[in-house]
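Single-structure report; data block below.
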2 protein chains.
Amino acid sequence: MDVMSDVKATRATRLREKSGARRQQQKAEVRRALLDAASGLFLEHGLTGFSLRGVAERVGYSATTVYLYFENKDDLLFAISLDGFEQFGQALQTAYETTADPVERIGALGRAYIAFGVAHPAHYRLMFMERGEFLTKTNPHDQKPTSDAFGILVRAVHEAHAAGRVRPGNPMDLVYTLWAGVHGLVALTLCVPMLNEADLTIRTDHLLDVLFSGFAEKAR
Amino acid sequence: MDVMSDVKATRATRLREKSGARRQQQKAEVRRALLDAASGLFLEHGLTGFSLRGVAERVGYSATTVYLYFENKDDLLFAISLDGFEQFGQALQTAYETTADPVERIGALGRAYIAFGVAHPAHYRLMFMERGEFLTKTNPHDQKPTSDAFGILVRAVHEAHAAGRVRPGNPMDLVYTLWAGVHGLVALTLCVPMLNEADLTIRTDHLLDVLFSGFAEKAR
DNA sequence: TGACAAAGATAACGGTGTTAAGTAAAGTAT
DNA sequence: ATACTTTACTTAACACCGTTATCTTTGTCA
């Protein structure tokens, strides 16, 4: 009996720990399912056609259940944007590693930036146009340092600056000018109907060409 | 009888026309009041805090009355954007006339563009970020040719091109590159919290400087 | 004065985000 | 095994939204 109870106790404890971990894992799974459904609905229908009720229906839950896994609609959108920032950071990181030349590197980053924007319009809109505040919002889950896309760009420009490949002055000015250029091109492509995506490569080439000519100019 | 009826008919027609004109004028006045209220509410609370019920309440009408003067919410927003485009076009026109030098002219246009964007953020967001399709939507009232801001920019660049002051090639590429640059700077300033408006002039100077260095470069 | 058209208001439908209260199941301790 | 508690989820409801259909009022004209 004592032996039995002992066995049962240990097994119960193990089960409790196991079940606690499993509960946590199950909770994470449901959260992930909700997030995937939300991402899908958002990528398909954009911000306007994105509703909590729609997300819930997709997973077979009630609408209010979403509030058990996310603070509110904005929190869910932020989670979606985090996935976007993750992808975006990896794309920039890959571009960064394609070449060792500081100037070519910046060009690769610019092209990767634009390519991501037009390839993931819903994500890009959310991250940089509709919810710009997400850029500076700190990740509460704090899991991954959300591969710092901005940091990659800053580093690349600093390296080109240190190598004397760009005009003297505050390198951050170059960062913002470059960012403005690529963001402007992406944003206009996504928003303005007259700028079809067909001639985007021409405009990309021209923009980067002009920017680099301006960047490269030596002191005045 | 025929004479009398004739006289009565003409007077009746005149009266009808007169009263018809006044009715039309009154209708235009109410429409204008609604539009002003809508603009105010929109400029104060942005697109999210903008509702037909709010507009109606501001004028003391019922919400459904708005539909007697505007097709729907989007039509009302479009009317607001038309006012914005009017102001915007005039600002660019003024900038165009500040100087006769083709290159300086483009610089003045760029600065006017950015100045308008940060001075009228709600209008700018609506016109170029949230409802970019309004750019190419034709004005149904067809009253004013909505002073063509884009045309002014295109003309300025063509003139600089014709004067041999910018790099050879398709001038429209320069137009889009310039547009991307200034729009990018405005859009980031409006959306990204880390880009406070304090250093905007520095960034503006730097952006235009880089762009013009790139523009001015002669053939390769 | 009576017919008619215009202007406006009410009521309602289906949709939204969000909160409060209820329910059924699972876990836990005695 | 039973009683208590926590968890997961649902239903009901509130306040808002855009939009439409159906009144009621008002003014114009013969």
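We use all heavy atoms of the structure for the numbers below, so side chains are in, but hydrogens, waters and symmetry mates are not.
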Notebook entry, point to check: Which residues satisfy the side chain to side chain contact (heavy atoms under 4.5 Å, CB included) test with B/Val30, sequence neighbours excluded?
Noted result: B/Leu34, B/Tyr61, B/Tyr69
Next item on the list: Sequence neighbours left out, what passes side chain to side chain contact (heavy atoms under 4.5 Å, CB included) with A/Ala91? Give chain and number order.
Entry: none
Check: Do B/Arg32 and B/Asp83 pass the salt bridge (charged side-chain N to carboxylate O under 4.0 Å, His left out) test, and can you show the C-alpha distance, the side-chain angles, and the key distance before you say yes or no?
Finding: CA-CA 11 Å; B/Arg32 188 69 235 179; B/Asp83 283 356; 2.9 Å; yes
I need the [atom1]-[atom2] distance between [X] and [N], as an integer number of Å.
{"X": "A/Leu47", "N": "C/dT16", "atom1": "CG", "atom2": "C1'", "answer": "13 Å"}
{"X": "A/Lys27", "N": "D/dC9", "atom1": "NZ", "atom2": "C1'", "answer": "11 Å"}
{"X": "B/Glu57", "N": "C/dT10", "atom1": "CD", "atom2": "P", "answer": "13 Å"}

Between protein and nucleic acid, restricted to nucleotides 23-25 of chain C and to nitrogen or oxygen atoms under 3.5 Å apart, what atom pairs and distances do you find?
none

Note to self: Once side-chain hydrogen bond (donor to acceptor under 3.5 Å, both in side chains) is applied, what residue pairs with a partner in residues 40-51 of chain A remain, sequence neighbours excluded?
What the structure shows: A/Glu44-A/Arg58
Below 3.5 Å, can you tabulate the donor-acceptor pairs from side chains in residues 179-198 of chain A to any protein atom, sequence neighbours excluded?
from: A/Trp179; atom 1: NE1; to: A/Tyr113; atom 2: OH; distance (Å): 2.9
from: A/His183; atom 1: ND1; to: A/Tyr124; atom 2: OH; distance (Å): 2.6
from: A/Thr189; atom 1: OG1; to: A/Leu185; atom 2: O; distance (Å): 2.7

Next item on the list: Using a 4.0 Å heavy-atom cut-off, write out nucleotides 10-23 of chain D from 5' to 3' as B (base contacted by protein), S (sugar-phosphate only) or - (no contact).
Entry: BBBB---BBBB---
Item checked: Heavy atoms from other residues, nucleotides or ligands near CD of B/Glu57 exceed 12 (cutoff 6.0 Å) -> no
Next item on the list: Could you tell me the separation between the CE atom of B/Met172 and the CZ atom of A/Arg203, rounded to the nearest 0.5 Å?
Entry: 9.0 Å
Next item on the list: For residues B/Phe116 and B/Phe128, establish whether the separation of their ring centroids is below 6.0 Å.
Entry: no
